[in-house]
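Remarks on the structure that follows.
Heavy atoms only: backbone and side chains are in, while hydrogens, waters and symmetry mates are out. Lettering follows sequence order; numbering is per chain, from 1.
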Protein chains: 2
Amino acid sequence: MATLSQIARLAGVSVSVASRVLNGDPKLRTRPDTRDRVLKAAKDLNYTANYAGRALRLARSKALALIIPAVSSPLFADLLSGATEAAEAQEYTLLIGRSDRITAGSDTLRRLVGEGRVDGFLLQRSDDLSDQALENLVANDARIVLVTSRTPGRRGSVILDDVAGARLATEHLVSLGHTRIGLIGGVPSSDIARRREQGYALALHEANLRRREAWVRRLGYSPEMAAAAMESLMATDPRPTGVVVANVNGAIGALTALRRLGIDVPGEMSVVAYHDEWVAEHTWPPLTTVKMPYYQVGVQAVQSLLSQLSGSPPQDVVVRDPAPLLVQRMSTAPPPPRP
Amino acid sequence: MATLSQIARLAGVSVSVASRVLNGDPKLRTRPDTRDRVLKAAKDLNYTANYAGRALRLARSKALALIIPAVSSPLFADLLSGATEAAEAQEYTLLIGRSDRITAGSDTLRRLVGEGRVDGFLLQRSDDLSDQALENLVANDARIVLVTSRTPGRRGSVILDDVAGARLATEHLVSLGHTRIGLIGGVPSSDIARRREQGYALALHEANLRRREAWVRRLGYSPEMAAAAMESLMATDPRPTGVVVANVNGAIGALTALRRLGIDVPGEMSVVAYHDEWVAEHTWPPLTTVKMPYYQVGVQAVQSLLSQLSGSPPQDVVVRDPAPLLVQRMSTAPPPPRP
DNA sequence: GGGGACTGAACAATCGTTTTTTCAGGGCTC
DNA sequence: GAGCCCTGAAAAAACGATTGTTCAGTCCCC
């Protein structure tokens with residue numbers, strides 16, 4: 001590739017002038033034709049600034065790392081799209097890492113920043129990564145924003161309005177006439193799970209419905225865990241007539257469990273899931289879900305990180321726009337008549 | 001972060017010695033205690049070599065880009081895992097891009113290499129990216145390996161044994177007693193689709209079964225396209241009793257279509273899919289699939305690219321190990337008795 | 001016509017590594 | 001004891017870009 005000095009030689013100017021013209025330095029005074037010669041030379045030689053040279057000089061890599069668990073979830077795509085687009089808009093590149101590969105002792109994250117490969121992180125932690133473990137993972141002064149999660153520390157974060165989302169899901173069951181509503185939630189140590197449960201509780205409370213601990217499960221979001229949770233939920237007496245599953249992938253597992261048990265959905269049991277994704281349309285029955293603005297979380301997270309990089313203090317933001325949206329499909333219906 | 005010159009100062013040596021000790025330069029002669037001092041200093045200061053400095057000097061970024069369409073498919077996860085692990089093993093980092101965002105006129109790929117951000121590409125093209133368009137996208141001398149696809153040009157490639165996989169799927173239906181077997185394949189312009197169709201044809205031929213063009217659809221791999229294909233297939237007379245769907249995501253759509261039509265699976269119609277993913281276990285009925293070694297494709301692709309980077313000529317490799325594996329679930333059964 | 005202000009551009013330092021070249025000193029040989 | 005070789009390390013150049021400083025020429029004013 002062409003270098004700046006080649007441009008300069010071709011245009012008959014010094015490197016510094018070439019650089020300044022190409023960067024649009026406002027402090028540079030130049031004759032129009034000099035400018036034009038540089039621009040033309042750059043175009044002819046198909047110039048793009050060498051990344052390493054620039055990064056070295058500026059001590060900025062203009063790259064961000066997005067660290068995610070469970071890349072296999074289609075949900076991930078929305079987040080990635082948002083983050084990618086926001087990053088590209090600011091001429092940043094995005095690196096993807098998997099947080100399930102980042103064990104407690106690993107120094108992958110430290111090194112990424114230490115080597116100057118990235119300027120900061122977007123980190124969606126897996127549910128079993130404690131606040132403490134998180135702090136051990138990254139350098140103290142690392143720029144980082146937590147995605148869909150929070151930490152007591154002074155790190156930035158961008159989260160969904162989990163309370164509102166879970167509440168909307170629960171309210172949907174309430175409005176169908178359900179009075180015995182269960183929850184298949186995340187593990188108790190996760191702040192996300194706690195917020196979703198809060199939304200669930202809130203909706204029940206407002207509907208004057210009794211909240212029974214026996215109808216709540218907190219095993220996690222994977223299809224397998226949610227399936228197990230659903231099975232144990234079905235063994236309660238009386239059992240719920242509707243269940244809120246705090247993650248769509250879990251809901252898919254839950255449907256499988258119900259099918260195994262021979263329980264008709266939505267005839268005997270309604271299922272509504274937090275989060276929407278294309279697969280939800282193709283389950284049987286197609287899942288009623290609450291669509292959350294995951295794409296915007298990606299966008300917002302990048303912006304938040306970028307503003308942190310330019311000196312602003314870390315902030316905790318909640319994405320409320322667009323609002324959680326109920327996507328009604330076929331897995332919910334009024335409860336069966338009382339026997 | 002600590003720089004080399006800080007290490008050198010602390011150890012009381014010159015920068016060059018520090019660098020060579022830390023890189024294990026075999027040509028360096030040094031007293032053991034000098035070595036030790038450098039090593040200790042590096043450890044004390046928690047040194048990691050600055051990435052930009054090194055990249056600038058070596059003219060190598062030690063980064064690769066993986067460009068993929070449809071990040072939303074869980075299939076993607078396997079490929080990514082393989083590629084990531086292989087890359088990390090060689091101390092390369094991986095950048096993820098979406099090929100559906102890379103339009104014909106875009107110079108994203110050129111720039112990535114032009115700026116020296118990455119040393120080469122792994123590119124899984126979307127089905128509608130022609131050989132010509134591909135060549136326009138990347139610089140002539142770009143190091144690139146095509147993933148699961150080939151091009152007539154002199155680019156490297158790593159592909160699955162599509163023929164064997166599709167053949168295995170078809171043979172499964174044959175062995176169940178089906179004689180009227182359809183195919184829902186990819187678009188005709190795709191080399192992948194052609195190979196899978198070839199495997200299908202081969203299996204039919206070997207079973208002495210007639211191949212009817214009316215039972216073949218070539219609309220593409222998306223759930224929607226495959227659903228449309230399935231519907232039109234069901235309108236043929238006589239209609240097939242079993243269908244090979246050349247992509248698991250398509251098969252999910254196909255099941256939805258059959259459900260809409262009120263056709264019992266597998267009672268009236270058997271469905272077997274190329275590729276396996278976790279969602280296949282949770283459809284109704286759970287999908288019988290052929291699991292392909294996607295993870296190994298990721299590994300192999302990285303290795304292939306790396307060897308190309310170190311001077312070897314591009315190669316076309318077919319991943320045959322592990323061999324395609326039939327994962328029998330519940331979407332296939334013997335054909336219904338002739339009326 | 002001499003001095004100051006301004007214009008338009010070159011010079012030069014710097015970022016952190018790697019690597020070739022140079023060099024000082026000590027010990028050995030003859 | 002002069003020359004040589006060897007050891008162990010320092011010096012220096014280079015990668016490509018950015019940016020503060022310097023500088024040569026021109027114009028204008030008095």
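Within 6.0 Å of the CZ atom in A:Arg110, the count of heavy atoms belonging to other residues, nucleotides or ligands exceeds 12.
A:Arg31 places its CZ atom 13 Å from the P atom of D:dG25, with the value rounded to the nearest Å. In this structure, the CG atom of B:Leu28 is 18 Å from the P atom of D:dC6, given to the nearest Å. Look at CG on B:Asn50: it is 6 Å from C1' on C:dG16, rounded to the nearest Å. Atom CZ in B:Arg60 sits roughly 18 Å away from atom C1' in D:dG16 (whole-Å rounding). At whole-Å resolution of the value, CG in B:Leu4 and P in C:dG16 are 10 Å apart. Rounded to an integer number of Å, the gap from A:Arg9 CZ to D:dG16 P is 11 Å.
Within the nucleic acid shown, B:Asp25 has no heavy atom closer than 4.0 Å to any nucleic acid atom. Nucleic acid contact class of A:Thr3 (heavy atoms, under 4.0 Å, all strands): sugar-phosphate only. Residue contacts shown for A:Arg29 include a base, since a base heavy atom lies under 4.0 Å away. Backbone-only contact: A:Ala49 has heavy atoms under 4.0 Å from sugar-phosphate atoms and none from a base. Backbone-only contact: A:Arg54 has heavy atoms under 4.0 Å from sugar-phosphate atoms and none from a base. At a threshold of 4.0 angstrom between heavy atoms, the contacts of B:Leu58 are confined to the sugar-phosphate backbone, with no base atom among them. Within the nucleic acid shown, A:Thr30 comes within 4.0 Å of sugar-phosphate atoms alone, with no base atom in reach, counting heavy atoms only.
Checking B:Asp33 against A:Tyr47, the closest nucleotide of DNA chain D that is more toward the 5' end is the one next to B:Asp33.
Taking each heavy atom of A:Val145 and A:Ala301 in turn, the nearest pair found is CG1-O, 3.8 Å.
Side-chain N/O atoms of A:Arg125 and A:Ser149 include a donor and acceptor closer than 3.5 Å. With no hydrogens or angles considered, a side-chain donor-acceptor pair links B:Thr148 and B:Gln124 at under 3.5 Å.
Scanning atom types as modelled, no donor and acceptor separated by under 3.5 angstrom connect the side chain of B:Ser16 and the base of D:dA12. Below the 3.5 angstrom threshold, one finds a donor paired with an acceptor across the side chain of A:Arg20 and the base of D:dG20.
A close approach under 4.0 Å does occur between a side-chain nitrogen or oxygen of A:Thr34 and OP1 or OP2 of C:dA9.
Among C:dA9, C:dA10, C:dT17, the nucleotide with an atom closest to any side-chain atom of A:Ser14 is C:dA10. The nucleotide whose nearest atom lies closest to any side-chain atom of B:Val13 is, among D:dG20, C:dG8, D:dA10, D:dA10.
Look at A:Glu135 and A:Arg155 and you find a salt bridge, because one of the NZ, NE, NH1 or NH2 atoms lies within 4.0 Å of a carboxylate O, short of that distance.
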